[in-house]
Amino acid sequence: MVTKPSYFSDILDWRRCVLPSQTRSVGAESHDQRQPARVIAVLTIALAPGLALAAQTQCAPAADAVLVRFTYGSEKEPWIQEVTEAFNRRDERTASGKRICVEAIPKGSGDSVNEIKQGRAGAAEVHATSPASDLYVNLINHESTAEGGKDLLKVEGFLVSSPVVIAAWEPVVERLGPRNQIGWAELFKRASEGGFRYGQTNPESSNSGLSALVAQFYAGAEAEAGRPVPRLSQAKVDDPKVRDFVARVHQSVIHYGRSTGFYAEKMRDGGPQYADAVVVYESDVIQANHHIRSKGLGFPKLLAVYPREGTFATNHPFALVERDWVDADEEDGAKRYFAYLMSPETQARALPYGFRPSVPLDVDPKVYGLVWSPDNGVLPFESVHRFLATPGGAVIKAIRDAFRAIKNKSHVVLVIDRSGSMEAKLYDAERRMERTRMEMAIESANLLAAALQDKDRLSLLFYDYRVEYSGLTPKGHPIQMDAAGKARLAEPLAKVRPAGGTAMRSAIETAWQDLCASIKADPADPSIRVMVVLTDGVDNASKVSDTDLIARIGFTQQDGQGGYLGDPACKIPVFGVAFGGEADDASLKAIGAAAGGETRRGDSADIREIFKRFSELL
């Protein structure tokens with residue numbers, strides 16, 4: 001859920017405040033000495049938390065209307081949702097006279113373009129999209145041309161921009177060195193020393209993760225050449241020394257993730273204990289610092305580090321889908337919507353969120369200083385940054401494909417409820433049949449296991465009123481997830497028979513104890529370590545309470561005495577799956593949030609997607 005800034009109720013008079021002079025000419029006050037003060041007053045409260053936005057705009061079917069389905073990078077959600085609702089109220093018409101309604105759907109950039117590539121005509125067809133940068137446009141057009149002989153996306157223009165940055169806590173930046181000298185080489189060094197907690201999203205599904213990965217290859221090529229590299233080549237991507245540089249940076253990764261917003265929220269809510277630095281957008285740093293101040297969390301300031309070797313300015317292209325399912329009215333509607341997004345009025349609404357406009361705005365320069373300010377952890381708006389050249393599609397594809405070999409190895413403990421309630425049957429709409437919760441859970445667990453690589457390891461822990469490891473993965477002996485390991489894993493999963501009570505907290509405690517012991521036994525092992533916990537009921541058999549368990553493992557939760565709970569040597573995230581309507585997710589949510597993870601609730605239609613989401617952590 002996205003937080004809608006409360007200033008939008010005040011900005012109804014925005015024609016006087018941040019909009020270009022030409023839009024104030026009809027029925028608006030003349031520009032006078034009082035206006036800059038009004039601008040400052042509005043933007044000073046621009047980021048205050050307020051009402052929540054819906055995740056997706058809705059359009060009701062109508063014979064005289066055309067529905068334009070538009071997917072976009074979720075980092076733009078606060079801005080896009082507000083302005084799309086306003087557009088849909090305008091009664092804008094196509095050349096043929098049809099009323100345009102835009103259904104705006106936030107998605108990860110990689111997920112969005114891949115779904116379009118795999119899509120077809122029908123109820124879910126997409127007509128226009130806006131990933132966070134043209135990296136994904138170049139990549140998907142390269143793949144589409146190779147497979148079908150033509151591009152998938154046609155770029156109409158670029159909506160807004162926001163640099164990709166390394167967000168680090170102010171004390172961390174002070175330790176790393178002068179802010180303007182910090183880059184990927186410094187993270188490479190810290191990774192070699194150990195103890196540095198770094199996060200970025202999965203480049204296979206998220207633009208910030210892909211941007212970071214490409215920038216890391218640039219930095220590795222620069223380190224190898226001893227000078228800046230103006231454009232990344234295939235030869236540099238294939239260079240073993242460059243790949244080793246990037247792999248060393250990834251040794252500090254705590255886990256990956258699907259969305260940039262996930263990392264921004266974890267940093268602002270979990271504080272310095274969650275991670276030392278993560279890759280997000282400049283706009284995320286602006287919003288996170290305001291959240292920390294307004295909530296009185298007491299965390300140090302997050303600083304945006306613009307990597308010394310260079311970064312990418314995410315330029316948010318607006319692209320039409322070049323497929324036969326897009327008819328003339330849908331294309332016309334998408335183009336008119338794009339023109340609306342590019343209007344000065346609409347562009348001005350993106351400013352408070354930290355997005356840089358793509359068109360000149362006639363506003364007082366002080367406006368920019370309110371958003372791009374030291375208090376918000378970013379450099380002034382007019383600062384000059386070193387931006388990297390976007391490689392061609394073939395090079396981007398080679399970098400993305402290299403990720404699997406480069407990424408950090410992982411050890412995941414899969415904690416599965418086998419209590420009697422897992423025998424309950426539900427209708428599985430995707431399979432069109434009734435199945436037990438256990439059957440669907442096992443299938444989802446196998447999907448997560450299938451996403452792991454040969455170098456990854458997995459432990460399987462079951463619980464009912466008892467807690468016990470599978471015979472395949474006894475305590476302290478996870479299984480290697482190569483092809484043979486995956487084949488062997490299917491057997492104990494298939495033999496699970498639900499019975500008994502639910503000792504979820506005891507199972508989490510057991511898994512945490514054993515993971516923590518493995519960390520302390522081999523502190524030089526940089527593996528990603530996470531727990532994925534599934535439950536479908538209420539804990540009725542554990543001997544440990546929520547409070548006691550959180551005190552032991554809740555490393556992001558403050559202890560009220562200036563410190564944090566948990567063991568500083570064992571910061572192990574817990575990701576939960578609450579399966580079905582009877583699942584009491586309150587306990588799992590509290591534990592997951594305190595331990596740097598999250599909990600997702602789902603039924604038969606959601607369970608596979610949740611496990612897929614969690615597989616992208618690894």
Salt bridge flag under 4.0 Å for residues D276 and R197
no
Establish, yes or no, whether a centroid distance under 6.0 Å links the rings of H255 and Y263.
yes
Of E282, R293, K301, the one forming a side-chain contact (heavy atoms from CB on, under 4.5 Å) with N376 is R293
Under a 3.5 Å distance rule, please check whether D539 uses its side chain to pair with a backbone N or O of S542 as donor and acceptor.
yes
In plain terms, say whether R175 and E170 are close enough for a salt bridge, that is, a side-chain N and a carboxylate O under 4.0 Å apart.
no
Residues pairing under salt bridge (Lys or Arg N to Asp or Glu O under 4.0 Å) where one sits in residues 512-535, two or more places apart or in two chains, turn out to be K409-D525, R457-D525, K475-D514, K520-D567, D525-R529
When you measure from the side chain of T129 to the backbone N and O of T71, does any donor-acceptor pair fall under 3.5 Å?
yes
Using modelled atom types only, decide if a donor and an acceptor are shared between the side chain of K266 and the backbone of G271 within a distance under 3.5 Å.
no
As a quick check of understanding, evaluate side chain to side chain contact (heavy atoms under 4.5 Å, CB included) for I572 and I553, giving each step before the final call.
CA-CA 8 Å; I572 302 165; I553 74 173; over 6 Å; no
When you measure from the side chain of T510 to the backbone of S506, do you find a donor-acceptor pair of N or O atoms at a distance under 3.5 Å?
yes
I'd like to know if the side chain of S615 and the backbone of K612 have a donor-acceptor N/O pair within less than 3.5 Å.
yes
What do you reckon, is NZ of K455 surrounded by more than 12 foreign heavy atoms closer than 6.0 Å?
yes
Parallel, tilted or perpendicular for F355 and W79, by the 30°/60° rule?
tilted
Charged N to carboxylate O under 4.0 angstrom, K589 versus D585?
yes
Between W169 and F299, how do the two ring planes meet: parallel, tilted or perpendicular, split at 30° and 60°?
perpendicular
Kindly determine whether K107 and S74 satisfy side chain to side chain contact (heavy atoms under 4.5 Å, CB included), including the steps that lead there.
CA-CA 5 Å; K107 283 183 176 288; S74 56; over 6 Å; no
Name the orientation class of the two ring planes belonging to H385 and Y306 (parallel below 30°, tilted from 30 to 60°, perpendicular beyond 60°).
parallel
Is any NZ, NE, NH1 or NH2 atom of the basic residue among E509 and R505 found under 4.0 Å from an Asp or Glu carboxylate oxygen of the other?
no
Can you measure from CD (Q558) to CG (L297) and round to the nearest 0.5 angstrom?
7.5 Å
Using 4.0 Å as the upper bound for N to carboxylate O, is an ion pair formed by E204 and K407?
no
Is a salt bridge present between E309 and R386, judged by a nitrogen-to-oxygen distance below 4.0 Å?
no
Quick one: do N408 and Y198 satisfy side-chain hydrogen bond (donor to acceptor under 3.5 Å, both in side chains)? Show the steps, please.
CA-CA 12 Å; N408 198 1; Y198 162 73; over 6 Å; no
